[in-house]
Protein chains: 2
Amino acid sequence: MSVADKNLAKEKFMHFLAHKNLRITSQRQTIIDVVFSTDKHFTAEELLEWSRQRDKSVSRATVYRTLPLLTESGMVREMDFGKDYKFYDPNYADHPNHNHIICQDCEKIVEFESDKIEEIETEITKRLGFSIKAQRLQITGSCEELKKLGACKKKGC
Amino acid sequence: MSVADKNLAKEKFMHFLAHKNLRITSQRQTIIDVVFSTDKHFTAEELLEWSRQRDKSVSRATVYRTLPLLTESGMVREMDFGKDYKFYDPNYADHPNHNHIICQDCEKIVEFESDKIEEIETEITKRLGFSIKAQRLQITGSCEELKKLGACKKKGC
DNA sequence: GTGCCTGCAAAGTGTTTGCAGTAGA
DNA sequence: TCTACTGCAAACACTTTGCAGGCAC
């Protein structure tokens with residue numbers, strides 16, 4: 001995702017806030033700057049840490065209160081791999097149809113797209129009568145390092 | 001899943017316990033009976049409730065300590081839909097490749113199978129070099145009742 | 001000035017665990 | 001007998017919330 005795209009997403013989010021009569025406080029500004037300056041997937045705790053590096057006054061509560069706004073706006077996607085904590089994906093705005101594979105050891109997350117998912121959706125709609133709101137294919141597996149070495153050197157790469 | 005299949009799964013699980021030198025206590029027996037007498041997906045809390053109806057002495061701790069054994073044996077599958085609690089699927093032994101669609105209102109869960117998922121897995125393995133351990137395609141949508149009435153009458157059907 | 005927003009700390013929720021007594025094999 | 005197993009309650013980890021003061025607009 002290019003810098004220009006990132007800035008566009010950021011701007012859209014600002015509009016989203018304005019539209020809902022929500023204020024752009026300095027803490028929110030910091031959090032937004034952080035989110036829209038990375039491609040990395042992150043956890044709430046990581047977002048707090050990164051934000052505090054720029055502005056000590058950002059609190060855990062504000063991070064947790066801002067994350068739902070980010071997901072509601074569609075600029076960030078929440079991901080749940082069945083771990084205790086959730087991951088957030090800041091690349092969602094540009095690629096709303098991608099899915100994820102996570103390494104079971106180092107938790108490296110790789111994105112991918114596949115037309116076949118849409119095909120499955122069509123199949124489901126016809127067969128079961130559900131209309132589909134959201135779909136997420138989340139795959140757990142071994143990255144190449146884990147396969148070769150039996151363990152990954154660093155976590156959360 | 002037929003009654004015969006259920007009993008087979010139950011028997012397999014007993015073997016699994018015996019093989020690991022684990023005991024069949026009366027509480028475990030109750031939990032096992034409950035699990036292998038339903039087709040329904042359930043939560044830990046529901047399993048506790050149902051078990052207590054048969055035997056008051058079953059505690060929450062024992063339920064939580066037994067669930068990992070059930071999943072480890074392959075007779076039950078753990079499912080995570082991003083809700084606070086996990087669901088467990090007792091129909092996994094017979095249909096190890098099925099996936100789930102959950103209604104966003106009443107949380108009704110419907111199972112389905114599709115060859116396309118395997119195709120996606122093959123694609124991933126080739127393209128990204130990951131080997132796949134587990135996959136969960138989780139679809140959220142509206143069941144027919146929700147589509148027609150705008151809301152579902154009962155939750156957790 | 002209005003009321004949304006903040007940090008703090010306490011509360012909440014699903015799940016796990018230490019302990020001392022219990023019971024299966 | 002020998003230990004795995006049990007219930008209980010406290011502990012846990014992540015997330016949410018009540019409150020009193022603060023700040024964007």
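Keep in mind that the numbers below use all heavy atoms, side chains included, and drop hydrogens, waters and symmetry copies. Residue numbers start from 1 in every chain, and the chains themselves are labelled A, B, ... in the order their sequence lines are given, proteins ahead of strands.
When each of B:Pro68 and A:Leu69 is assigned the nucleotide of DNA chain C with its nearest heavy atom, A:Leu69 is the one assigned upstream, toward the 5' end.
Remark: B:Lys12 NZ is loosely packed, at most 12 non-hydrogen atoms of other residues, nucleotides or ligands lying under 6.0 Å away.
Across the protein-nucleic acid pair, B:Lys86 atom NZ and C:dT13 atom P stand 17 Å apart, rounded to whole Å. Distance, A:Asp80 CG to D:dT15 P: 9 Å, rounded to whole Å. Here the P atom of nucleotide C:dT15 and the CZ atom of B:Arg60 are 10 Å apart, to the nearest Å. Regarding B:Lys83, its NZ atom lies at a distance of 12 Å from the P atom of C:dG14, rounded to whole Å. In this structure, B:Ile32 atom CD1 and D:dC5 atom C1' are separated by 13 Å, rounded to whole Å. In this structure, A:Ile31 atom CD1 and C:dT6 atom C1' are separated by 11 Å, rounded to whole Å. Rounded to an integer number of Å, the gap from CD of B:Gln29 to C1' of D:dC5 is 15 Å. Here the P atom of nucleotide C:dC8 and the CG atom of A:Leu48 are 11 Å apart, to the nearest Å.
Taking the six-membered ring for Trp and thresholds of 30 and 60 degrees, A:Phe16 and A:Phe13 have nearly parallel ring planes, at less than 30 degrees apart.
Shown for residues 16-28 of chain A: residues whose heavy atoms fall under 4.0 angstrom of DNA chain C, namely A:Leu22, A:Arg23, A:Thr25, A:Gln27, A:Arg28.
A donor-acceptor contact closer than 3.5 angstrom links the side chains of A:Asn91 and A:Glu111.
Across C:dG14, D:dC8, D:dG18, the shortest atom-to-atom separation from the side chain of B:Tyr85 is found for C:dG14. With D:dC8, D:dC14, C:dC8 as the choices, the nucleotide that has an atom nearest any side-chain atom of A:Ala61 turns out to be C:dC8.
Although no hydrogens or angles enter the test, the distance criterion places no donor-acceptor pair under 3.5 Å between the side chain of B:Asp89 and the main chain of B:Arg77.
Counting non-hydrogen atoms under 4.0 angstrom, A:Tyr64 reaches a base of the nucleic acid.
Considering all non-hydrogen atoms of both residues, B:Thr43 and B:Glu46 come closest at N-OE1, 2.9 Å.
Through direct or indirect side-chain contacts shorter than 4.5 Å among Ile, Leu, Val, Met, Phe, Trp and Tyr, A:Leu146 is connected to no other residue.
For residues 17-41 of chain A, the set of pairs meeting the ring-ring contact (aromatic ring centres under 6.0 Å, His included) definition, not counting sequence neighbours, comprises A:His41-A:His100.
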